[in-house]
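Read the structure below first, then the notes.
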Amino acid sequence: MSDTTPDTVPGHRYTAELAGRIENRWQDFWEANGTYHAPNPVGDLATGDLPADKLFVQDMFPYPSGAGLHVGHPLGFIGTDVYARYHRMTGRNVLHTMGFDAFGLPAEQYAVQTGQHPRVTTEANINTYLRQIRRLGLGHDERRRISTIDPGYYKWTQWIFLQIFNSYYDADAGKARPIAELEAKFAAAGAEFDGKTWAELDKAARAKVLNEHRLVYLSEAPVNWAPGLGTVVSNEEVTADGRTERGNMPVFRRNLRQWMMRITAYGDRLIDDLDRLDWPEKVKSMQRNWIGRSNGARVTFKSSNGHNSVDNVDDCDITVFTTRPDTLFGATYMVLAPEHSLVEALTPAAWPEGADERWTGGAATPAEAVAAYRRAASTKSDLERQENKKKTGVFTGAFAVNPVNGEQIPVFIADYVLAGYGTGAIMAVPGQDQRDWDFATAFGLPIIRTVDPGEGFDGEAFTGDGPAINSGFLDGMDVEEAKKTIIAWLEERGAGTGTINFKLRDWLFSRQRYWGEPFPIVYDEDGTPTAVPESMLPVELPEVDDYSPKTFDPTDADSEPSPPLSRASEWITVELDLGDGPKTYRRDANTMPNWAGSCWYQLRYVDPTDSERFCEPENEAYWLGPRADQGPNDPGGVDLYIGGVEHAVLHLLYARFWQKVLFDLGHVSGDEPYRRLFNQGYIQAFAYTDARGVYVPAHEVVERDGKHFHVDPDGGEQEVRQEYGKMGKSLRNVVTPDEMCEQYGADTFRLYEMSMGPMEVSRPWATKDVVGAQRFLQRLWRNLVDEETGAPRVVEDAPDEATLRLLHKTIAGVHEDYSAMRYNTAGAKLIELNNHITKHFPGGAPRVVAEAVVPMLAPVCPHVAEELWQRLGHTESLAHGPFPTADEAYLVEDSVEYPIQVNGKVRGRVTVAASAGQDEVKAAALAEEKVAALVEGKTPKKVIVVPGRLVNIVL
RNA sequence: GCCCCCGUAGCCCAACAGGCAGAGGCAGCCCCCUUAAAAGGGGUCGAGUGCCGGUUCGAAUCCGGUCGGGGGCACCA
């Protein structure tokens, strides 16, 4: 390291130590001068001229974790910064900043452990984070920093919640509307609700009706209950193996009264509008997959059973969703999910005559069999239910009527049918569905093929296309035609309808935690939820003694959530006058999920100080509105949004949903939040385990002959095993940006990260490679500054033609690379140019070259670029340019060297004037010595001249 | 099981739209500087593009198959 031999290093060499001084100085300068302040059209931040050409660049909202940053975290931040700086230098008004998504579980859990208020630890973490990112020289508009835990911010999160609460989805118009309009419609149209008109309903009854239509509503549906966390979580937060994404706790389906957001109303638009977005295909397909739209039909099967146990016989009809209504003639039995609400009503008192032993599970009555099966299913976690692919189930004792042929078919319950998808019930067609085939085989149920699988088919269920058979009036039709025909037939008879089904379910929006936004909702004595008036926002979090929700044994499925806010007795009851005079209300004790704050933060970045509105319309339209230059279908949104792919369905789906509601209600001008999305790759790292499987510090490992050895500080050495993956404390392979800044400087670190590969690619961290970036900056520095004296060493003479050509080629290439986020190749071009300077100008760089190369370096290495710019004699910061432009005159070559291929192999080269026509090139190629020898009087079959590229002679 | 992405020097990566496989960095090697060493300087070596086949005058690039790696979804009716 440089500090070991200070006496031999020239005083003005670009060492880590000098870089550190330069970086500090410029960070202070930028901050003091508001260098990165981007003016708004109106309001507090309307400072300075407003360029028409703007760019909004955004990083995904970071959570300020207590662990601090490792070198992987800033990759995306530096990428957006380079992009922002490049565009700022070319004259655009660039909005780039960073705030914090600061509510969340880790801070709360830490608070529970230490007894410290989560705000205290969160704010400390934010300060650490800010210190770390400041050191990297990110050009953020500091005035726009926001934090979701700030009451000035979450006031508006609550306000948006109320907008959604006070809306319904008008399916005919295909958009959200104020709930007041629906109320007026109900009042005017004389609509009836259980035989009463709107006017006849009392307040609570009206509220109940409206609750059924609101975009945020209270629901009693089954939710994901995680006893180990003491809270419910959304479907998106449950992993495929039925555990919580955070905390890895088992999740159980429980009927609990919870807030839901009606995101399903937007299913079509959320899918269709993906086509208008400039997003990675991968993310789009993940969203399509998650939303899971499928076309099919709902078909109702009448059931005459159940009247033994329940009075209302009509209620026993079973509606199923199917994507294959064409196979209805092959439906030989039905299956309900064990949790299906009709199960009890359907179940008769006794088994029908001769019920199969396999069907009854050996139980004396259907009720016993059903109860036993339901009990068994409910104690299984989702994972267990999925793992066991062997079909289980039990007969309910009931039958239903197949509407196409009047056949009585048995009704089962089985856990291979999911309660939450479709109607929670299916018609089983074993001939065309493998799952049904498996079940039918296990239970001895009939199998009827309704699609001809063709000669020689020896499989089980046939899911392909073919002519319908055994299907009455459908026989002979292909699947597509049969579907159309049967849907029309069903609709005519009122037995079914063509329909679209979504896998997407409504968004469970309440959590039983402390550290989140309180709901701006109170309940009256009837338990009717009412919005807190806007004037009373924000509803602030109360101080409490105990931040933890009541948690339970993680496997205790029967436990009940008990949110911490419910114990804040002072806060929970409140006296309000909501129009009926002062009354006592009870506050909602839930908090919003972590995703709430990040659903709309781009809007607040735009107008962070506005106290009247969440965002002024002029500012919103300028930064986020649709733009004519983006084509006719432009949805608007952030111009470049960079983050990891892990938020593909959670945050990105929720944020799109909120944006669409705000758009429908006229609060914003664009209907998508993020026009262009880009997923950066991850920085990964090697980790090493010794013979015991214990991780050893990665920096103490050396490689020899493809083997890895851990060199103990005491001198011992042992072979270790290499793993590749994440960087993390427990893997003992963390490298921090702070260390890199200390050892090399922030500019070197930035340059190294950007040159490791293209932005989207994941790559391994290699500390030993960082020195390459440092050497380049040292060489560049040395070409412009005398290492002994610190004086500039540029020469005023005009450079030669070849140098100018290279310079302008570099300028043109660097422009392209920066716009395409190919920072690795931009860096390589600058190194190439610098190598040229080193070789040809030992006395110092020509000024014209120096004054171009420094600004070109600035987006990646802003500090050293500012420093060099100043030393070249400039007094203005480089942040807003100038950025050099290429002179076309130097880009066109006078002459071109053509490689000459004979039968595809290069055999020689000729140099001809760039203006030469194809015939001249051809003639020159054939005249070339080695080529002529090969051709030797033969007449070539073909001579291909690719202008500017090569010549290929085919013999 | 289904879907998507990626395989180029020892390593990380370039190669516009099919047209000379190499821009850049690390490591290696040689030389210079140095009493010496180093993350100081200069230079140099290095792969025929995972594998098989096809299309083409010409393939890293397009197509089919195959192997390897990564990711997403997964009883969604």
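In what follows, every chain begins at residue 1, and chains take the letters A, B, ... in the order their sequences are listed. What you see below is based on every heavy atom in this structure, not just the backbone, and it leaves out hydrogens, waters and symmetry mates.
With hydrogens and angles ignored, no donor-acceptor pair under 3.5 angstrom links the side chain of A/Tyr416 to the base of B/A77. Below the 3.5 angstrom threshold, one finds a donor paired with an acceptor across the side chain of A/Lys391 and the base of B/C75.
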Enumerate all atom pairs, one protein N or O and one N or O from nucleotides 60-62 of chain B, separated by less than 3.5 Å.
none

Please write out the pairs of protein N or O atoms and N or O atoms of nucleotides 25-29 of chain B separated by less than 3.5 Å, giving the distance to one decimal.
unit_1, atom_1, unit_2, atom_2, d
B/C26, OP1, A/Arg775, NH1, 2.3
B/C26, O2', A/Lys768, NZ, 3.1
B/C26, O2', A/Asp769, OD1, 2.6

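Both A/Ser285 and A/Lys282 lie near RNA chain B, and the one whose nearest nucleotide falls closer to the 5' end is A/Ser285. Remark on RNA chain B: of its neighbouring residues A/Asn952 and A/Lys839, the 5'-side contact belongs to A/Lys839, judged by nearest-heavy-atom nucleotide.
Looking only at distances, no side-chain donor or acceptor of A/Thr911 sits under 3.5 Å from a matching main-chain atom of A/Glu897.
Listed by chain and residue number, A/Arg775, A/Arg782, A/Asn834, A/Asn835 satisfy the side-chain contact (heavy atoms from CB on, under 4.5 Å) test with A/Arg779 (two or more places apart in sequence, or in another chain). Partners of A/Phe329 by ring pair (Phe, Tyr, Trp, His ring centres under 6.0 Å), not counting sequence neighbours, listed by chain and number: A/Phe473. Legend: residues meeting side chain to side chain donor-acceptor pair (under 3.5 Å) with A/His808, ordered by chain and number and at least two apart, are absent.
Inspection of the A/Gln722 and A/Tyr688 side chains reveals an N or O donor paired with an N or O acceptor under 3.5 Å. Between the side chains of A/Glu832 and A/Thr810, not a single donor N or O lies within less than 3.5 Å of an accepting N or O.
The interatomic distance linking A/Met754 (CE) with B/C13 (P) rounds to 14 Å, in whole Å. Residue A/Tyr823 contributes atom OH, which lies 14 Å from atom P of B/A14 at whole-angstrom precision.
Which of B/C20, B/G42, B/C73 sits closest to the side chain of A/Thr838 comes down to B/G42.
Considering A/Lys726, A/Arg763, A/Glu646 in turn, A/Glu646 is the only one that fulfils the side-chain hydrogen bond (donor to acceptor under 3.5 Å, both in side chains) rule with A/Tyr682.
For the atom pair A/Phe686 CZ and A/Tyr724 OH, the distance stands at 6.0 Å (nearest 0.5 Å).
Rounded to whole Å, the P atom of B/C29 lies 11 Å from the corresponding atom of B/A38. Here, B/G28 and B/G10 have their C1' atoms 9 Å apart, quoted to the whole Å.
Residue-level contact check: A/Val761 touches the backbone only, with heavy atoms under 4.0 Å from sugar-phosphate atoms and none from bases.
Taking side-chain N and O atoms only, A/Arg782 has a distance below 4.0 Å to OP1 or OP2 of B/G41.
A/Asp786 has no carboxylate O lying under 4.0 Å from a charged side-chain N of A/Arg13, or vice versa, which leaves the two without a salt bridge.
Non-hydrogen atoms lying under 4.0 Å from RNA chain B are contributed by A/Ser294, all within residues 290-300 of chain A.
Classified by interplanar angle (parallel below 30°, tilted 30° to 60°, perpendicular above 60°), the ring pair A/Phe412/A/Phe443 is perpendicular. In this pair, A/Phe321 and A/Tyr421 present their aromatic rings perpendicular. The plane angle is above 60°, beyond the 30 to 60° band.
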